[in-house]
Amino acid sequence: PPLVSAYMNLSSSMRYFGTAYNHAFGETDETGILVSIRDTELDTFNETFKKLFVNTRNFPTGYHVLVAVMETRVEKDADLIEDTTDFITELSQKITAESEHMDEDLLVQIKDLQEKVTVLRQNLMDKQRVISNLLKCDFFPEELYPRLTMIIKDIKGIENYEAIKD
């Protein structure tokens, strides 16, 4: 349809899924399109896609893909928190070593990094809530419960790591 052609120019990531005639909804044509407002590659999706591409049998449903995305994202968050926390510690040690020359830029950098870690922690807590709710859903495949439970344990492990580092 002409409208699809117009949308095609909006984003290089647009996907067209076809058009169907819908008798039940006012006898209209419905077109399935997906337009991403981000035209950048996202590591989490790229890694999950690679896993899916290597062994498609491990991903028989969208639920399996969702769990893989969540696993990948929690792993990346853990790495990011660990690396950022280590960098904050390194910067803090510089302040201690050079206590007579207090560098205000260094303090601002530490504060900004601490704020980013706080946001990452909040995001992890949100992921934990989502996963906990998936475990309560009647429609979510029970075969994936152990993987969801493991993600929650990983998140708790990250919390414990943070408590030890603080």
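Both backbone and side-chain heavy atoms feed into the values below; hydrogens, waters and symmetry mates do not. None of these values were measured; they are calculated from a predicted model.
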Review point. Do Q128 and I131 touch side chain to side chain, with heavy atoms closer than 4.5 Å?
Key: no

Practice item. Mind checking side-chain hydrogen bond (donor to acceptor under 3.5 Å, both in side chains) for D77 and listing every partner two or more places apart, or none if nothing turns up? Key: R73, K127

Review point. Rounded to the nearest 0.5 Å, how far does CG of L148 lie from OG of S132?
Key: 9.0 Å

Check your understanding: At what distance, to the nearest 0.5 angstrom, does NZ of K50 lie from CG of D43?
Key -> 8.0 Å

Review point. Under 4.5 Å between side-chain heavy atoms, hopping through other hydrophobics if needed: is there a path connecting M150 to I155?
Key: no

Practice item. Flag the pair D126 / V130 as yes when at least one side-chain heavy-atom distance between them is below 4.5 Å, and no otherwise. Key: no

Check your understanding: Is L52 linked to V69 within one hydrophobic cluster, defined over Ile, Leu, Val, Met, Phe, Trp and Tyr using a side-chain heavy-atom separation of less than 4.5 Å?
Key -> yes

Point to revise | Contact check, side chains of K153 and T149, non-hydrogen atoms, under 4.5 Å | key: yes

Review point. Is there a side-chain contact (heavy atoms from CB on, under 4.5 Å) between Y63 and E143 once you walk through the steps?
Key: CA-CA 10 Å; Y63 296 116; E143 70 183 75; over 6 Å; no

Practice item. Calculate, to the nearest 0.5 Å, the distance between atoms CG and CD1 belonging to D105 and I110 respectively. Key: 11.5 Å

Check your understanding: Do the rings of F140 and Y145 sit parallel, tilted or perpendicular, given the 30° and 60° boundaries?
Key -> parallel

Review point. Can M70 be reached from F49 by stepping across I, L, V, M, F, W or Y side chains whose heavy atoms are under 4.5 Å apart?
Key: no

Exercise for review: Flag yes if more than 12 heavy atoms outside K76 fall under 6.0 Å of its NZ atom; otherwise flag no.
Suggested key: yes

**Study point:** ILVMFWY cluster, L91 and L107 together (side-chain gap under 4.5 Å)
**Key:** yes

Review point. Which is it for V74 and I158 under the side-chain contact (heavy atoms from CB on, under 4.5 Å) test, yes or no, and what are the steps along the way?
Key: CA-CA 9 Å; V74 168; I158 296 165; 4.1 Å; yes

Exercise for review: Please round to the nearest 0.5 Å and tell me the distance separating atom CZ of R129 and atom CG of L124.
Suggested key: 11.0 Å

Practice item. Go through the steps to decide whether L144 and H64 satisfy the test side-chain contact (heavy atoms from CB on, under 4.5 Å), and finish with yes or no. Key: CA-CA 7 Å; L144 293 173; H64 292 79; 3.5 Å; yes

**Study point:** side-chain contact (heavy atoms from CB on, under 4.5 Å) assessment of Q114 paired with I88
**Key:** CA-CA 8 Å; Q114 287 172 332; I88 290 170; 3.8 Å; yes

Check your understanding: Going from CZ on F53 to OG1 on T48, what distance comes out if it is rounded to the nearest 0.5 angstrom?
Key -> 15.0 Å

Check your understanding: Going from CD1 on I81 to CG on D86, what distance comes out if it is rounded to the nearest 0.5 angstrom?
Key -> 11.5 Å

Revision key, fill the gap. Taking every heavy atom of F59 against every heavy atom of N55, the minimum-distance pair comes out as CD1-O, 3.5 Å

